Amino acid sequence: MAGAKAGAETASGDSGRIVAALLAWYAQHRRDLPWRAPPGARADPYRVWLSEIMLQQTTVAAVIPYFHRFLDRWPDLGAFAAAPREEVLKEWAGLGYYARARNLHACAGALVARHGGEIPRQESQLRALPGIGPYTAAAIAAIAFDAQAVPVDGNIERVLARLFALQAPLPAAKREIAALARAFLPLSRPGDFAQGLMDLGAAVCTPKSPDCARCPLARHCRARELSIAGDLPRRAPRKARPTRRACAFWLECGGSVLLRQREDQGLLGAMMEVPTGAWVEDGGFADHPREAPLKAPWRRVEGLVRHTFTHFHLEIRLWRADLPPGARPGPPMRCRWVPVEELAGEALPSVMRKLAALAARSG
DNA sequence: GATTCGTGGGA
DNA sequence: TTCCCAAGAAT
């Protein structure tokens with residue numbers, strides 16, 4: 001912690017000027033985002049909560065259309081809390097990290113049960129809710145309620161690592177960076193300070209080629225002084241991604257296709273899938289459809305679906321069978337017949353939509 | 001502390 | 001093509 005101590009001392013000397021410069025920059029350059037209130041106004045806590053969950057490890061550009069669809073359909077927390085989980089998962093499909101959607105639904109229930117259908121303003125109470133970790137609790141407290149909190153996201157980690165020229169690699173340096181962030185407290189406008197740092201990180205202090213010439217904090221920045229801004233923060237090297245292989249089974253009958261709901265936990269948990277066999281690392285493709293969910297005249301579909309998850313690549317070979325309209329079997333466990341025209345509205349993650357697209361070309 | 005958990009865009 | 005990584009949380 002010697003580094004953090006030295007950094008904090010540096011910050012205390014400059015912190016007032018840094019905060020002022022950042023707030024002035026933010027007043028001029030703040031992004032106009034759909035979950036933000038006009039300058040000076042306080043944002044709707046429901047929108048802040050929803051947007052912060054969506055923005056976890058997800059780009060603003062990817063979130064915006066989802067945020068609009070959620071808000072059109074569920075304009076306030078009361079409406080959202082009444083939504084069945086299945087509908088939440090359908091609206092979330094394609095955004096990724098589906099535990100967020102499951103936790104979002106669970107969190108709404110907890111807000112109704114424990115907080116009278118309101119979003120609490122205390123960081124500690126927020127932190128106890130499903131899907132809300134240290135970052136999100138601080139972000140909601142600061143942005144929605146102007147509470148004395150400093151959320152530390154990837155942007156702020158990067159800005160602070162550069163400001164103080166921290167050489168320690170992430171993620172080990174997270175605690176040290178959080179300590180530096182807290183050295184800016186107390187703040188007059190915690191929400192604007194946090195969002196200012198995030199906007200700065202997104203627009204100026206970017207990961208690869210920071211635009212120091214346009215940075216309001218340049219005169220305070222140790223990394224710029226050392227000409228290493230673009231090299232910070234350092235990160236521990238990543239492990240290589242292995243490849244897993246699997247077969248999927250597209251069974252069509254009378255214009256409907258057989259889908260299956262995945263197990264509630266784990267990868268793509270509770271989402272719908274084209275039934276697949278085992279996903280085997282360093283495996284080959286079976287020559288026979290022995291893992292098919294039903295007996296049918298299976299034939300191989302030409303081509304391959306490739307998809308990359310966070311920690312492995314997946315290659316899927318598709319098998320297809322078409323049954324006569326009158327011969328539709330009862331759906332096996334966790335399965336359901338879905339009209340092909342209604343696939344778009346199903347809770348299908350992106351990898352499964354790729355399979356549907358391949359099947360459509362094979363039909 | 002290390003792993004697991006998605007997706008799409010850009011260099 | 002390949003790699004990086006974006007408003008992290010849960011285990």
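Only a predicted model underlies this, so the values are computations on that prediction, with no experimental measurement involved. Below, each value reflects all heavy atoms present in this structure, side chains not excepted, and no hydrogens, waters or symmetry copies. The sequence lines fix the lettering, A, B, ..., with proteins before strands; numbering per chain opens at 1.
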**Message:** Please report the distance separating the C1' of B:dG6 from the corresponding atom of C:dA6, rounded so that it comes out in whole Å.
**Reply:** 12 Å
**Message:** Regarding A:Thr308, tell me which of base, sugar-phosphate or nothing describes its non-hydrogen contacts under 4.0 Å with the strands shown.
**Reply:** base
**Most 5' of A:Leu268 and A:Lys208 on DNA chain B, judged by nearest nucleotide** = A:Leu268
**Request:** Verify the contact: side-chain N or O of A:Ser350 to OP1 or OP2 of B:dG8, cut-off strictly under 4.0 Å; return yes or no.
**Result:** yes
**Request:** Taking the six-membered ring of A:Trp337 (Phe, Tyr or Trp), confirm whether the NZ or CZ of A:Arg260 is under 6.0 Å from its centre and within 45° of its axis.
**Result:** no
**Message:** Does B:dT7 have OP1 or OP2 under 4.0 Å away from a side-chain N or O of A:His307?
**Reply:** yes
**Request:** Write down the distance between NE2 (A:His311) and P (C:dC5), rounded to a whole number of angstrom.
**Result:** 18 Å
**Request:** Anything under 30° is parallel, anything over 60° is perpendicular, the rest tilted; go ahead and classify A:Phe184 against A:Phe164.
**Result:** tilted
**Asked** Is A:Arg31 atom CZ crowded by more than 12 heavy atoms from other residues, nucleotides or ligands, each under 6.0 Å away?
**Response** yes
**Prompt:** Is a donor-acceptor contact shorter than 3.5 angstrom present between the side chain of A:Thr58 and the base of B:dG8?
**Reply:** no
**Message:** Tell me whether the side-chain N/O atoms of A:Gln57 come closer than 4.0 Å to OP1 or OP2 in C:dG8.
**Reply:** yes
**Request:** Please state how far atom CG in A:Leu170 lies from atom P in C:dG8, giving the value in whole angstrom units.
**Result:** 12 Å
**Prompt:** What interatomic distance, in whole Å, is found between C1' of C:dA7 and the corresponding atom of B:dA2?
**Reply:** 23 Å
**Asked** Hey, does the side-chain of A:Arg100 have a donor or acceptor N/O within less than 3.5 Å of a partner on the base of C:dA10?
**Response** no
**Complete:** A:Tyr66 OH to C:dA7 C1', in whole Å, measures 17 Å
**Request:** Please determine if a side-chain N or O atom of A:Arg241 lies less than 4.0 Å away from the OP1 or OP2 oxygen of C:dT2.
**Result:** no
**Request:** Using a cut-off of strictly less than 4.0 Å, decide whether A:Arg175 has a side-chain nitrogen or oxygen near OP1 or OP2 of B:dG1.
**Result:** no
**Prompt:** According to a strict under-4.0 Å criterion, is A:Thr310 in side-chain N/O contact with OP1 or OP2 of B:dT7?
**Reply:** no
**Complete:** The answer to which of A:Lys239 and A:Pro349 contacts DNA chain B further toward the 5' end, by nearest nucleotide, is A:Lys239
**Prompt:** On a plain distance test, is the side chain of A:Tyr97 in donor-acceptor contact with the base of B:dG6 below 3.5 Å?
**Reply:** yes
